[in-house]
Amino acid sequence: MRVEIWTDIACPWCYVGRAGFDRGLAAFAHRDEVEVVHRSYELNPEAEQGTISIIDAVAAQYGRTRDQQIAREEQAAAMARSVGLGYRIGGRVFGNTFDVHRLLHFAKTHGRQNELMDLAFQVNFADERSVYDRETQVAMAVEAGLDEAAVREVLDNPRAFAQEVRADERLASELGVSGVPFFVLNRRYGVSGGQSADMFTQALEQAWADRLVA
């Protein structure tokens, strides 16, 4: 069985949803027969490199007051902490995640995509570092087990793995994915948002039971 997951590392619900899915998958009896495919999705493809406070930028984007956006951040932080994840409300910035997505596709070719994704989420939401900073991107990729020179070569070439990112985004559009996180099970079932581990286990069980039904 295949599960495709569209995420953006700038998305707090993707951060929480990934943890929920991992726990739900761990509780699934046939977990060893599930292929998980991570796919790219940019929430803000027109954004510049990160310089503006995430609270101010997202508040402006969705027409909220600063206090309303802080309340949403606090809600996301509480959800993250409930599943054992770190989350800092202040200090994060708003930016373009395309280069991180390119690196994630590069990491996939070396079997290190999960490791890099974990680190990218951690850097963005829990650490006092900016995931949009080039040297931070290099450092986390090396920490994930990738060769530094190769990582720099990918980042220095804007065409490297760009087609892979765009292909994931086109597929999302074809399938009607309009927000993330979005989980597609065997191209038959869709689950959106940062659901509970139990919800993911139930979805996996349903998809598994129905996998041979025409």
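The figures here come from the full heavy-atom set of this structure, side chains too, leaving out hydrogens, waters and symmetry mates.
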Practice task
Check ring pair (Phe, Tyr, Trp, His ring centres under 6.0 Å) between Phe161 and all other residues, then give those that pass, not counting sequence neighbours.
Solution key: Phe106
Handout entry: Side chain proximity check, Met79 to Val83, heavy atoms < 4.5 angstrom
Key = no
Problem - side chain to side chain contact (heavy atoms under 4.5 Å, CB included) evaluation trace for Tyr132 with Asp99 - result: CA-CA 8 Å; Tyr132 307 104; Asp99 283 347; over 6 Å; no
Handout entry: Residue among Phe200, Tyr41, Trp13, Tyr189 satisfying ring pair (Phe, Tyr, Trp, His ring centres under 6.0 Å) with Phe183
Key = Phe200
Problem - Identified side chain to side chain contact (heavy atoms under 4.5 Å, CB included) partner of His38 from the options Lys108, His105, Glu4, Met117 - result: Met117
Handout entry: Spacing of CG belonging to Leu116 relative to NE2 belonging to His110, to within rounding of 0.5 Å
Key = 11.5 Å
Problem - Neighbour count >12 (heavy atoms, 6.0 Å) for atom CD, Gln163 - result: no
Exercise for the section: Mind running side chain to side chain contact (heavy atoms under 4.5 Å, CB included) on Asn186 and Arg2 for me, showing each step along the way? Expected result: CA-CA 5 Å; Asn186 271 356; Arg2 170 181 278 197; 4.2 Å; yes
Exercise for the section: Output yes when Glu73 and Arg88 qualify as a salt bridge under the 4.0 Å nitrogen-oxygen rule, no when they do not. Expected result: no
Practice task
Determine whether the side chains of Asp133 and Thr136 contain a donor N or O and an acceptor N or O closer than 3.5 Å.
Solution key: yes
Exercise for the section: Decide, yes or no, whether a salt bridge links Asp156 with Arg134 under the criterion of side-chain N to carboxylate O below 4.0 Å. Expected result: yes
Problem - Residue list, side-chain contact (heavy atoms from CB on, under 4.5 Å) with Glu169, at least two apart or on another chain - result: Glu42, Val165, Arg166
Handout entry: Lys/Arg-Asp/Glu bridge criterion (N-O < 4.0 Å) met for Arg170, Glu174
Key = no
Exercise for the section: Could you check if a side-chain atom of Val191 sits within less than 4.5 angstrom of a side-chain atom of Phe21, using non-hydrogen atoms only? Expected result: no
Practice task
Quick one: pull up CZ in Phe94 and OG1 in Thr97 and give me the separation to the nearest 0.5 Å.
Solution key: 9.5 Å
Practice task
Look up atom CD in Gln137 and atom OG in Ser130, then write down how far apart they are to the nearest 0.5 Å.
Solution key: 8.0 Å
